[in-house]
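Here's the structure, in structure tokens; my notes come after.
Numbers restart at 1 for each chain; the letters A, B, ... are given by sequence-line order, proteins then strands.
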Amino acid sequence: MKTEKTFHQKVIETAQQIPYGKVSTYGAIAEFLGSKRSARMVGWVLNSQKNNMDIPAHRVVNRRGLLTGKLHFQGVNLMQNLLISEGIEVVDNQIVNLEKYLWKDFS
DNA sequence: TCTATGACTCCGG
DNA sequence: CCCGGAGCCATAG
């Protein structure tokens with residue numbers, strides 16, 4: 001059987017494209033995949049692959065820059081800590097100057 | 001096959 | 001910007 005690239009595999013590949021010090025949104029990834037409305041699926045995939053350390057899921061936030069997935073992380077402070085560690089300003093579970101760090105130039 | 005669920009997003013107030 | 005409601009798509013059971 002062929003293993004066609006499933007949605008969640010595409011999400012993984014896309015998420016891995018986010019460089020250090022940058023972040024992206026579920027909507028941006030979903031849009032890149034072809035369906036802007038499937039942003040929920042992006043989160044669903046990350047949830048399924050959350051044990052996969054190869055995915056920088058901490059660089060994926062919702063449209064407002066809010067760390068929606070932080071509660072699903074191993075540690076409640078892990079996500080915010082990682083972002084700050086990369087030079088990203090995070091206050092009250094939200095990224096400051098999201099536009100400045102937003103990565104939407106997927107290739 | 002159908003139903004339920006979700007780390008979202010958009011719209012109107 | 002916050003709140004409530006609706007839409008959308010893929011996976012699991």
Side-chain angles (χ1 to χ4, degrees):
Chain A
M1 312 221 308
K2 353 218 325 327
T3 323
E4 340 177 348
K5 279 190 179 178
T6 60
F7 199 90
H8 92 228
Q9 189 162 7
K10 291 180 182 176
V11 171
I12 293 171
E13 291 181 14
T14 305
Q16 291 178 332
Q17 291 181 36
I18 305 175
Y20 180 95
K22 291 286 183 177
V23 296
S24 188
T25 67
Y26 301 96
I29 296 173
E31 186 177 71
F32 174 73
L33 295 179
S35 297
K36 179 181 176 188
R37 304 298 173 182
S38 44
R40 310 177 80 164
M41 308 303 48
V42 177
W44 180 89
V45 171
L46 295 178
N47 184 23
S48 183
Q49 300 292 318
K50 68 180 188 297
N51 287 342
N52 190 342
M53 301 289 279
D54 299 328
I55 305 177
H58 61 276
R59 298 185 187 143
V60 184
V61 296
N62 77 349
R63 203 180 180 292
R64 299 191 208 153
L66 191 64
L67 310 189
T68 49
K70 106 176 240 182
L71 297 174
H72 289 268
F73 261 68
Q74 300 172 348
V76 193
N77 296 336
L78 180 60
M79 187 172 187
Q80 180 171 327
N81 196 0
L82 288 171
L83 292 173
I84 293 175
S85 184
E86 297 188 2
I88 298 174
E89 302 175 74
V90 180
V91 176
D92 191 25
N93 299 335
Q94 187 171 358
I95 295 178
V96 182
N97 299 326
L98 177 62
E99 302 176 7
K100 179 179 176 184
Y101 305 109
L102 185 59
W103 180 265
K104 56 180 182 179
D105 187 19
F106 294 109
S107 50

Study note, to complete from the structure: Only one of Thr14(A), Val61(A), Ile18(A) passes side chain to side chain contact (heavy atoms under 4.5 Å, CB included) with Ser24(A), and that residue is Ile18(A)

Practice item. Not counting sequence neighbours, which residues clear salt bridge (Lys or Arg N to Asp or Glu O under 4.0 Å) with Glu31(A)? List them please. Key: none

Review point. Heavy-atom distance under 4.5 Å between the side chains of Arg64(A) and Leu98(A), does that happen here?
Key: no

Point to revise | Spacing of Phe7(A) atom CZ relative to dT11(C) atom P, expressed in whole Å | key: 8 Å

Review point. Could you give the CG-to-C1' distance, from Leu66(A) to dC2(C), as a whole number of Å?
Key: 13 Å

**Study point:** Minimum heavy-atom distance between Ser38(A) and Ala30(A), given as atom pair plus value
**Key:** C-CB, 3.8 Å

Point to revise | Sole residue of Val45(A), Leu46(A), Val42(A) in side chain to side chain contact (heavy atoms under 4.5 Å, CB included) with His8(A) | key: Val45(A)

Revision key, fill the gap. Sequence neighbours excluded, the answer for salt bridge (Lys or Arg N to Asp or Glu O under 4.0 Å) partners of Glu89(A) is none

Study note, to complete from the structure: 5' to 3', nucleotides 8-13 of chain B under a 4.0 Å protein heavy-atom cut-off (B base, S sugar-phosphate only, - none) gives BSS---

Practice item. Could you tell me which non-hydrogen atom of Arg63(A) sits nearest to which non-hydrogen atom of Thr25(A), and how far apart they are? Key: CA-CG2, 4.1 Å

Point to revise | Length of the line joining Trp44(A):CH2 and dA4(B):C1', which is rounded to integer Å | key: 14 Å

Practice item. Mind running a 4.0 Å heavy-atom check of residues 46-59 of chain A against DNA chain B and sending the residues that fall below it, in number order? Key: Leu46(A), Asn47(A), Lys50(A), Ala57(A)

**Study point:** DNA chain B contacts made by residues 93-107 of chain A, counting heavy atoms under 4.0 Å
**Key:** none

Review point. How long is the line joining NE2 of His8(A) and C1' of dA10(C), in whole Å?
Key: 11 Å

Review point. Would you find a donor on one side and an acceptor on the other, under 3.5 Å apart, between the side chain of Asn77(A) and the backbone of Asn81(A)?
Key: no

Exercise for review: With sequence neighbours left out, write down each residue that passes ring pair (Phe, Tyr, Trp, His ring centres under 6.0 Å) with Tyr101(A), or none if nothing qualifies.
Suggested key: none

**Study point:** Passing candidate, side chain to side chain contact (heavy atoms under 4.5 Å, CB included) with Met79(A), options Gln74(A), Arg59(A), His58(A), His72(A)
**Key:** His58(A)

